[in-house]
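What follows is a set of notes on a single structure, which appears directly below.
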Amino acid sequence: MTSPVTRFAPSPTGRLHLGNVRTALFNYLLARREGGRFLLRIEDSDRARGGEELLEALLVDLRWLGLDWDAGPGAEDERGPYRQSDRDALYAEAYARLERGGRAYPCFCSALELEVSRKTQLAAGQPPRYAGTCRDLDAEARAARIRDGRQPSLRFLVESGQTVSFNDLVRGPQAFVSDDLGDFVIRRADGAPMFFFCNALDDALMRVTHVLRGEDHLSNTPRQLLLLEALGMSVPAYGHLPLLLGREGRPLSKREDSASLHQMRQAGFLPAALLNYLLRLGHAGAPDGWVEPVDLPSAFHLDKVGRAPAHFDEAQLLHWQREAVNRLNAVALAAWIAPAVAELGPDRLATLAAVAGRNLNFPTEAPDWAGVLFGELPPVQPEATLAIQEAGPAFFAAALEAYDSEGPDLAKIAALVRTRTGCKGARLYMPLRAALTGLTHGPELAPLLRAMEPHLLRRRLAAQAGHAGETV
RNA sequence: GCUCCCAUCGUCUAGAGGCCCAGGACACAGCCCUCUCAAGGCUGGUACGGGGGUUCGAAUCCCCCUGGGAGCGCCA
């Protein structure tokens with residue numbers, strides 16, 4: 001493979017879902033592993049739908065994930081523009097060529113007529129295809145209709161009796177008969193170009209060599225092949241990825257918001273976690289363990305992409321999230337939890353991150369630990385209450401005394417309490433943990449003690465020692 | 001309705017006729033370690049959708065069925 005050019009071509013009509021993102025990732029990895037180019041093209045040919053905000057958000061999410069594009073919005077080059085809404089002149093030229101060559105013709109059929117025709121065919125057990133009504137209109141008939149004020153769409157003429165075949169990058173040899181296609185619209189009556197058309201044309205114009213896309217495009221591929229052939233343009237190699245299934249076993253769609261990249265980002269998932277998860281969905285080339293983002297391209301193998309649809313599984317994503325959190329360095333860890341504890345100063349933030357950061361799955365869990373260290377205890381868990389009660393006030397009186405003489409040194413406090421109460425092991429440490437954090441689990445106790453505000457530490461011990469007037 | 005695609009543990013998957021009474025990872029359960037959680041180590045259960053062929057031998061090849069999905073738009 002010599003220097004592949006791949007692309008991701010989203011339409012800014014909603015948030016990206018994980019299926020879209022995986023498609024983007026595979027294209028990105030395919031380009032990166034061979035030192036090729038990865039393009040980003042915005043398919044906004046239906047101007048009405050997308051919004052600038054949506055587009056901007058899409059770019060931000062993509063960058064956040066680390067899928068940087070060599071050319072695209074914000075990185076134009078001579079093969080651009082990279083927004084279809086800016087490419088009308090290019091499309092116009094192609095339409096003209098097709099019409100001149102007799103490969104496309106104006107169609108005056110109304111939406112109603114087409115609808116009736118489709119229903120009739122369906123009812124007769126026929127696949128719904130354009131009947132060819134306007135195919136053989138002569139120049140005079142066309143002129144007459146235009147004089148009537150009718151706006152034609154432009155249809156591509158598909159010759160019957162042809163077999164269109166290609167070798168799918170992931171599915172192998174494919175063959176379709178052109179009779180099943182029917183003449184399809186390439187320009188709407190209002191002048192807007194259709195997806196099949198600009199998508200294929202742009203790929204050719206941008207010299208894209210490999211197109212990895214969702215399986216929903218598989219049976220549309222022959223149309224695009226025919227189109228490019230009629231235009232005399234080179235065709236990319238196509239590979240069709242199985243769809244990603246959601247929790248209900250249904251394909252992911254833009255409506256399934258929980259699986260949107262944006263939401264996952266908002267929830268605090270780390271890019272590297274998402275990347276590690278996505279790399280393994282429907283792809284068997286990855287090793288078992290963690291793959292650093294920079295090593296992702298070499299872990300990707302096109303021939304290891306599967307043909308069966310894969311399910312989105314949150315438990316597995318969570319596993320990679322834990323891995324990712326554990327691999328964050330101190331600075332990154334602090335930056336990751338910062339938004340959730342915005343009121344903390346830099347010093348306290350760093351302390352919190354160092355002490356409890358790696359125990360978190362999401363930043364939303366940080367405020368509770370901030371409370372433990374610097375403020376109010378979160379609600380005390382029943383198991384914690386139990387541990388405190390079992391230890392009894394004398395236990396905490398000893399602990400308080402030890403703290404007052406030794407300071408926040410867990411080893412020394414533990415030693416003293418042990419000699420005084422005879423408690424050891426879990427019966428020694430657990431009550432301390434419970435009283436100081438309100439929880440029976442969490443990060444290592446010793447660093448927790450050192451990081452905790454002294455007056456809070458003292459107050460919590462005192463409260464359990466039964467000293468009057470002192471509360472947790 | 002028509003055309004096409006897919007089918008191994010709960011999930012991601014290995015498996016391209018004997019190496020598989022099916023391997024790994026995640027999840028789950030138990031044990032070890034440990035102040036707890038996590039990590040780590042060990043152990044365990046759970047899968048070739050069904051039926052026919054072909055073959056000495058099939059998860060692997062063929063056919064049918066079932067189940068799931070996609071496409072058939074003046075949507076992208």
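The sequence lines fix the lettering, A, B, ..., with proteins before strands; numbering per chain opens at 1. Just so you know, these numbers come straight off a predicted model, no measurement behind them.
Distance noted for atom P between B:G68 and B:C32: 46 Å (whole Å).
For A:R223, taking side-chain heavy atoms from C-beta onward, the closest of the listed nucleotides B:G24, B:C72, B:U13 is B:C72. Minimum atom distance to the side chain of A:S11 is reached by B:A76, of the listed B:A76, B:C4, B:A27.
In this structure, A:F197 has its ring center closer than 6.0 angstrom to the ring center of A:Y95. Taking the six-membered ring wherever Trp is involved, the centroid distance between the rings of A:H210 and A:F26 does not fall below 6.0 Å.
Side chains of A:R155 and A:I186 form no contact here, defined as non-hydrogen atoms less than 4.5 Å apart. Side-chain contact between A:I337 and A:W369: absent, with no pair of heavy atoms (C-beta onward) separated by less than 4.5 Å.
Comparing A:H283 and A:Y429 by the nucleotide of RNA chain B whose heavy atom lies nearest to each, the residue mapping closer to the 5' end is A:H283.
A donor-acceptor contact under 3.5 Å links the side chain of A:N359 to the base of B:C37. One can find a donor-acceptor pair under 3.5 Å joining the base of B:C35 and the side-chain atoms of A:R433.
Contacts of A:Q121 with the nucleic acid, taken as non-hydrogen atoms under 4.0 Å apart, are absent. Residue contacts for A:R427: at a heavy-atom cut-off of 4.0 Å it reaches no nucleic acid atom on any strand shown. Using a 4.0 Å heavy-atom criterion, one finds that A:L154 contacts no nucleic acid atom at all. As judged by a 4.0 angstrom heavy-atom cut-off over every strand, A:L281 is placed among residues touching the sugar-phosphate backbone only.
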